[in-house]
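Have a look at the structure below, then the notes.
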2 protein chains.
Amino acid sequence: MSYGKPCSRACRSTHLEKLRARNNFHRGFHVALENPTVKEAAEFVRNALSERKALIIVGNCWVEYQGRASSKLESGERIIIIKDDGSVLVHRPAGYEPVNWQPPGCLFQTRSADNVLEVKAVRRKPSESVRMFFDRIYLLSSLSLVDRGKFSLYASEEDMQRAILFEPEILEHGFKPITYEKKVEPGFVDIYGIDKDGKFVVVEIKRKTAGRQAALQLAKYVDAIKAMVNREVRGILVAPRLAKGTQRLLATLKLDFKALDPRRCSEVLSMPETKKLEEFFG
Amino acid sequence: MSYGKPCSRACRSTHLEKLRARNNFHRGFHVALENPTVKEAAEFVRNALSERKALIIVGNCWVEYQGRASSKLESGERIIIIKDDGSVLVHRPAGYEPVNWQPPGCLFQTRSADNVLEVKAVRRKPSESVRMFFDRIYLLSSLSLVDRGKFSLYASEEDMQRAILFEPEILEHGFKPITYEKKVEPGFVDIYGIDKDGKFVVVEIKRKTAGRQAALQLAKYVDAIKAMVNREVRGILVAPRLAKGTQRLLATLKLDFKALDPRRCSEVLSMPETKKLEEFFG
DNA sequence: GAGTGGATTTCGCAT
DNA sequence: ATGCGAAGTCCACTC
């Protein structure tokens with residue numbers, strides 16, 4: 001699978017042909033190459049990029065970035081992914097985040113000289129470039145990935161909002177929503193409604209532990225609405241739970257709290273009647 | 001390179017031995033496998049995880065996440081990276097961000113049944129898990145990456161601050177810094193000093209285009225200092241450039257602007273005398 | 001261990 | 001295009 005020695009330019013395409021023929025790849029056109037020479041790698045990368053394929057490069061490299069900031073990454077072994085949408089990821093062997101990257105939409109340029117392969121990814125707006133220099137390559141893979149699978153994230157803040165709009169009882173008995181995403185002075189009120197006693201209610205939703213900031217935000221909204229309607233206005237903070245110390249702050253600000261598990265909201269939204277909501281509020 | 005048929009448990013380790021022997025991997029222990037069966041993949045992944053190696057899996061999979069939120073990703077071809085620090089990335093063929101992931105520190109569990117390989121990554125605090133199910137695997141790679149390369153990011157906001165403290169002339173002729181990160185009412189003043197005429201100066205630094213918010217923030221600081229010292233106070237906004245419309249706002253607020261390229265700051269900080277600054281201000 | 005702020009944040013949505 | 005808010009944000013630093 002790995003080439004022992006570099007070959008002349010004439011035989012390279014033949015090599016690739018053989019390579020492809022030898023491998024019974026499933027449906028796509030997935031090709032891999034281990035321990036290529038720099039020249040072989042250059043050819044491989046150039047082909048992959050021109051054919052708009054996804055590319056995995058594992059090797060020893062150094063990286064320079066110039067753009068919104070500038071950075072320099074010294075020599076080391078990393079995993080690089082170049083996707084066919086023109087995004088780039090440089091991953092060190094540790095950490096969730098890429099050390100260098102480029103968002104989708106890059107144009108690529110490759111060069112090789114003195115046994116070093118350079119891959120340059122450039123984008124405009126903002127103008128920035130990542131240059132990767134390889135002197136050893138362990139693994140190359142060119143991939144045509146097909147992915148039409150749907151991705152669903154449950155119980156986001158938006159889902160919690162919709163759950164309350166659809167089933168206001170989960171917030172509080174007798175609550176009736178009026179509007180949502182209502183624009184007021186400081187921003188957007190998540191839900192605005194009336195409680196069982198006819199008092200105005202402002203609802204602020206957090207999908208995770210709510211803290212100081214959420215409480216203060218809600219207080220601002222309550223004040224803004226209060227100034228508009230010139231009546232008493234209640235504020236209810238909705239979240240799975242409160243951060244330490246937030247309860248006392250809520251008391252000081254005279255705001256209420258309603259614990260609500262995001263999963264409960266997912267359940268509500270999974271009910272078939274949910275579609276009615278879409279008709280109403282969509 | 002790829003196995004034609006699954007083999008009995010007895011011969012598996014032998015297969016891996018051969019595989020390793022056949023490949024003259026550079027320094028590390030990089031191993032790759034193309035189009036393995038699910039059983040072969042299970043063995044390979046189990047080994048890689050138990051040996052604390054980094055792992056690349058390219059294949060058709062579906063993914064479930066349960067934790068702070070919950071998500072479901074339907075079947076499709078993706079690139080998965082599992083690093084030896086216990087972080088996980090699931091990358092679709094497009095987009096900069098992983099569709100699913102797990103930060104460092106996960107524990108792993110693998111199972112295979114009915115020609116499906118399951119890899120489960122669990123972490124505590126917060127308690128969450130990602131489960132990946134593979135029914136076709138195109139590429140597997142087990143890697144021992146060595147990366148001691150230093151990463152340097154130039155011209156962060158802090159660097160710009162230090163550059164001005166070290167070489168105040170780059171801000172303005174005759175400027176003398178007094179303190180930095182000075183605590184005042186609304187937050188922290190980046191730099192506080194005196195200009196060539198003896199007037200007090202508040203400096204607000206932005207490492208990128210400064211806009212409305214930066215100007216207003218600076219104005220707050222100026223007012224706060226003014227109230228304290230009961231004297232005239234100048235405000236200077238330092239940034240590579242201004243957002244559209246910010247110049248007029250600055251004029252209205254009677255604030256000054258100084259364009260300063262982050263790269264220029266990097267240059268100043270790269271001077272050997274910079275270390276003196278660390279002694280003074282560190 | 002929890003809280004706070006920054007990021008080459010990215011991403012999405014509304015203006 | 002631009003600007004603002006949210007994110008399973010992550011991460012580093014402080015208390």
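Worth saying up front: this structure is predicted, and the values here are computed from it rather than measured. Sequence lines set the chain letters: A, B, ... in the order given, protein chains first and strands last, and positions in each chain run from 1. Note: hydrogens, waters and symmetry copies are ignored here, and every other heavy atom, side chains too, is used.
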**Study point:** Check: dG8(D) base within 3.5 Å donor-acceptor of Glu97(B) side chain
**Key:**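 Check fails, no donor-acceptor contact within cut-off.
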Point to revise | For the student: nearest non-hydrogen atoms of Ala219(A) and Leu253(A), plus distance | key: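 Scanning both residues, the minimum pair turns out to be CB-CD1, 4.0 Å.
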Review point. Reckon Arg68(B) has a side-chain N or O less than 4.0 Å from the OP1 or OP2 of dC10(D)?
Key: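 Answer is yes, contact under 4.0 Å.
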Review point. Are OP1 or OP2 of dT9(C) and a side-chain N or O of Trp101(A) less than 4.0 angstrom apart?
Key: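 The answer is no; no side-chain N or O of Trp101(A) sits under 4.0 Å from OP1 or OP2.
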Separation of [X] atom [atom1] from [N] atom [atom2], in whole Å?
X         : N       : atom1 : atom2 : value
Arg248(A) : dG3(C)  : CZ    : P     : 13 Å
Lys83(A)  : dT10(C) : NZ    : C1'   : 13 Å
Leu73(B)  : dG8(D)  : CG    : C1'   : 14 Å
Lys220(A) : dC4(D)  : NZ    : C1'   : 13 Å
Lys206(A) : dA7(D)  : NZ    : P     : 7 Å
Arg124(B) : dG8(D)  : CZ    : C1'   : 16 Å
Gln102(B) : dG8(D)  : CD    : C1'   : 9 Å
Ile205(A) : dA7(D)  : CD1   : P     : 11 Å

Check your understanding: Given that Gly95(B) and Val130(A) both sit by DNA chain C, which one's nearest nucleotide is further toward the 5' end?
Key ->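 Looking at the nearest nucleotide for each, Val130(A) comes out on the 5' side.
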Review point. Closest nucleotide of DNA chain C for Ala69(A) versus for Lys125(B): which of these residues is on the 5' side?
Key: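 The 5'-side residue here is Lys125(B).
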Check your understanding: Toward the 5' end of DNA chain D, which comes first, Pro104(B) or Phe151(A), by nearest nucleotide?
Key ->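 Nearer the 5' end of the strand: Phe151(A).
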Check your understanding: On a whole-Å scale, what distance lies between the C1' atoms belonging to dT9(C) and dG5(C)?
Key ->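 Each nucleotide's C1' atom is 13 Å from the other's.
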Contact class for [X] vs. all strands (heavy atom < 4.0 Å): base, sugar-phosphate, or nothing?
X         : result
Tyr96(B)  : sugar-phosphate
Glu128(B) : base
Val99(A)  : base
Gln66(A)  : nothing

Check your understanding: With a 6.0 Å cut-off on ring centres, are Phe200(A) and Tyr192(A) close enough?
Key ->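 Ring centres of Tyr192(A) and Phe200(A) closer than 6.0 Å.
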Review point. What residues, two or more places apart in sequence or in another chain, satisfy salt bridge (charged side-chain N to carboxylate O under 4.0 Å, His left out) together with Lys83(A)?
Key: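 With neighbours one apart ignored, the set is empty.
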Exercise for review: For Asp223(B), enumerate each residue passing the salt bridge (charged side-chain N to carboxylate O under 4.0 Å, His left out) test, keeping only those at least two apart in sequence or located in another chain.
Suggested key: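 Per chain and number, Asp223(B) pairs via salt bridge (charged side-chain N to carboxylate O under 4.0 Å, His left out) with no residue.
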Review point. Do Glu128(B) and Tyr65(B) meet the criterion of a side-chain donor-acceptor pair at a distance under 3.5 Å?
Key: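 Yes, because at least one side-chain N or O of Glu128(B) sits under 3.5 Å from a partner of the opposite role on Tyr65(B).
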